[in-house]
Amino acid sequence: MTLWVGTSWKMTKTLAEARTWATGLRDHLDGWAPEGVQPFVIPSFTATTTVREVLGEDSPVLLGVQNAHWEDAGAWTGEVSVAQAADAGAQIVESGHSERREHFGETVETTRLKVAAALRHGLTPLLCIGESLEVKDAGGSADFILEQAAGALEGLDVEQLAQVVIAYEPIWAIGEHGRPATVAELVEPFAALGEAYTERVAGLLYGGSVNLDNAADLLGIDHVTGLFVGRTAWELPGYLELLRIAEAHAAA
Ligand code: PEP
């Protein structure tokens, strides 16, 4: 089993900062390939080509974009297509992050179109799902995320589904206003996701306030096959430590 460990930089980092982070990662991975771990990084669009150039074409680190439109080209001002993302060196297309659902109108239908577009171009769809605190408090977490996932993955055949990575990121656990989820809170949602998707998708990741103290425990939850990380990985030492934790977990 491969453990996916990646970071989205959200709307952070200048090109110089992106270059420094990527150069440091490239140099570390020159002498150390974390066994059993698939690293990935998802910068802002502006840094896609810079990170690709620094990492090189054959890097073990997969490169992604945080969003991409489902059409290949056209009158979609402000948007970037999957074809353009691939042209810039991306291999992963994230969709459905709760910030995009909340602020930019991302819906189950648009995530479905974006997942399909990524697959059409041979890129890995990284589908984010997650429930609000209200839904969690009402006891509806598992049903809610299963519905989000099923809607976005509707119509995929077995081979297509096997390319998809799902990241479960409860909204209440994400970002500086989130609070870290406990292992106990995640067991039931991952049991539900595991029943539906284990061995059918490429990865079932957890994201939301992952840090160096909770990463090993989170990787120990049944059906979790990776971590999708924000703040803790934005400084390279944090990301490298997460790779080490995952490598140790993969070897155990
Ligand atoms: C996120 O926003 O997707 C995320 C995982 O962020 P953080 O790790 O900073 O909570």
Side-chain angles (χ1 to χ4, degrees), residues 3-13 17-18 21 25 37-45 47 61-68 90 92-106 110-111 114-115 118 124-133 135-136 141 144-145 148-149 152 164-183 185-186 189-190 193 203-219 221 223-246 249:
L3 296 176
W4 294 68
V5 179
T7 178
S8 162
W9 293 349
K10 304 197 184 189
M11 197 170 69
T12 72
K13 293 198 191 294
E17 289 164 345
W21 191 100
L25 180 62
V37 181
Q38 175 57 70
F40 65 96
V41 55
I42 309 188
S44 294
F45 281 122
V61 183
L62 295 177
L63 176 63
V65 289
Q66 298 172 23
N67 176 44
I92 295 173
V93 178
E94 180 182 351
S95 64
H97 191 281
S98 57
E99 287 154 13
R100 294 213 54 88
R101 292 183 196 257
E102 181 183 351
H103 303 298
F104 303 102
E106 190 88 284
T110 59
T111 57
K114 290 175 182 187
V115 166
T124 298
L126 171 59
L127 172 69
C128 299
I129 55 174
E131 84 287 11
S132 65
L133 191 58
V135 170
K136 171 183 162 26
S141 301
F144 186 89
I145 59 177
Q148 277 187 331
V164 174
V165 175
I166 297 175
Y168 169 45
E169 303 203 309
I171 299 171
W172 46 271
I174 283 180
E176 59 190 28
H177 302 297
R179 68 150 174 90
T182 64
V183 166
E185 287 174 311
L186 299 176
F190 270 105
L193 287 172
L204 271 182
L205 281 47
Y206 172 72
S209 296
V210 173
N211 58 48
L212 302 184
D213 295 326
N214 64 14
D217 289 341
L218 294 167
L219 285 170
I221 297 171
H223 306 292
V224 171
T225 60
L227 300 171
F228 190 29
V229 187
R231 293 156 297 160
T232 297
W234 291 349
E235 298 298 326
L236 186 60
Y239 184 57
L240 292 174
E241 192 53 34
L242 289 170
L243 292 179
R244 285 190 199 98
I245 290 168
H249 189 82

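Just so it is clear, the values below take in all heavy atoms, side chains as well, and ignore hydrogens, waters and symmetry mates. Both counts, for ligands and for their atoms, begin at 1 and track the order of listing.
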Task: Test ring pair (Phe, Tyr, Trp, His ring centres under 6.0 Å) applied to Phe228 and Phe40, Tyr206, Trp4, Tyr239, the passing residue - done: Phe40

Task: Validation row: Lys10, His97 side chains within 4.5 angstrom (heavy atoms) - done: yes

Open item on the list: Minimum heavy-atom separation for Gly203 and Thr225, please, with both atom names.
Closed with: CA-OG1, 3.4 Å

TODO: Can you see which heavy atom on Leu3 is nearest to which on Val224, and at what distance?
DONE: CD2-O, 4.4 Å

Task: For atom 4 (C) of ligand 1, the protein heavy atom that lies nearest, with its residue and separation - done: Gly230 N, 3.9 Å

Open item on the list: Could you identify the single nearest non-hydrogen protein atom to atom 9 (O) of ligand 1 and state the distance to 0.1 Å?
Closed with: Arg231 NE, 2.6 Å

Open item on the list: When you compare the side chains of Ser98 and Glu102, does any donor N or O come within less than 3.5 Å of an acceptor on the partner?
Closed with: no

Task: Sub-4.0 Å atoms of ligand 1 with respect to non-hydrogen atoms of Lys10 - done: 1 (C), 2 (O), 6 (O)

Open item on the list: Closer than 4.0 Å to some heavy atom of Ile174 - which atoms of ligand 1 meet that?
Closed with: 1 (C), 2 (O), 10 (O)

Open item on the list: Quick check on contacts: which atoms of ligand 1 are under 4.0 angstrom from a heavy atom of Phe228?
Closed with: 5 (C)

- [ ] Starting from atom 1 (C) of ligand 1, locate the nearest protein heavy atom and write down its residue, its atom name and how far away it is, to 0.1 Å.
- [x] His97 NE2, 3.3 Å

TODO: Count the heavy atoms belonging to other residues, nucleotides or ligands that lie under 6.0 Å from CD of Glu235, then report whether that count exceeds 12.
DONE: no

Open item on the list: I'd like to know whether ligand 1 has Gly175 as a neighbour, heavy-atom separation below 4.0 Å.
Closed with: yes

- [ ] Can you sort out which atoms of ligand 1 are near Gly208, meaning under 4.0 Å from one of its heavy atoms?
- [x] 5 (C), 10 (O)

Open item on the list: Show the atoms of ligand 1 that are less than 4.0 angstrom away from any heavy atom in Glu169.
Closed with: 1 (C), 3 (O), 5 (C)

Open item on the list: Contact between Val210 and Val5 at the side-chain level, heavy atoms closer than 4.5 Å - yes or no?
Closed with: no

Open item on the list: Within ligand 1, which atoms have a heavy atom of Ser209 less than 4.0 Å away?
Closed with: 7 (P), 8 (O), 10 (O)

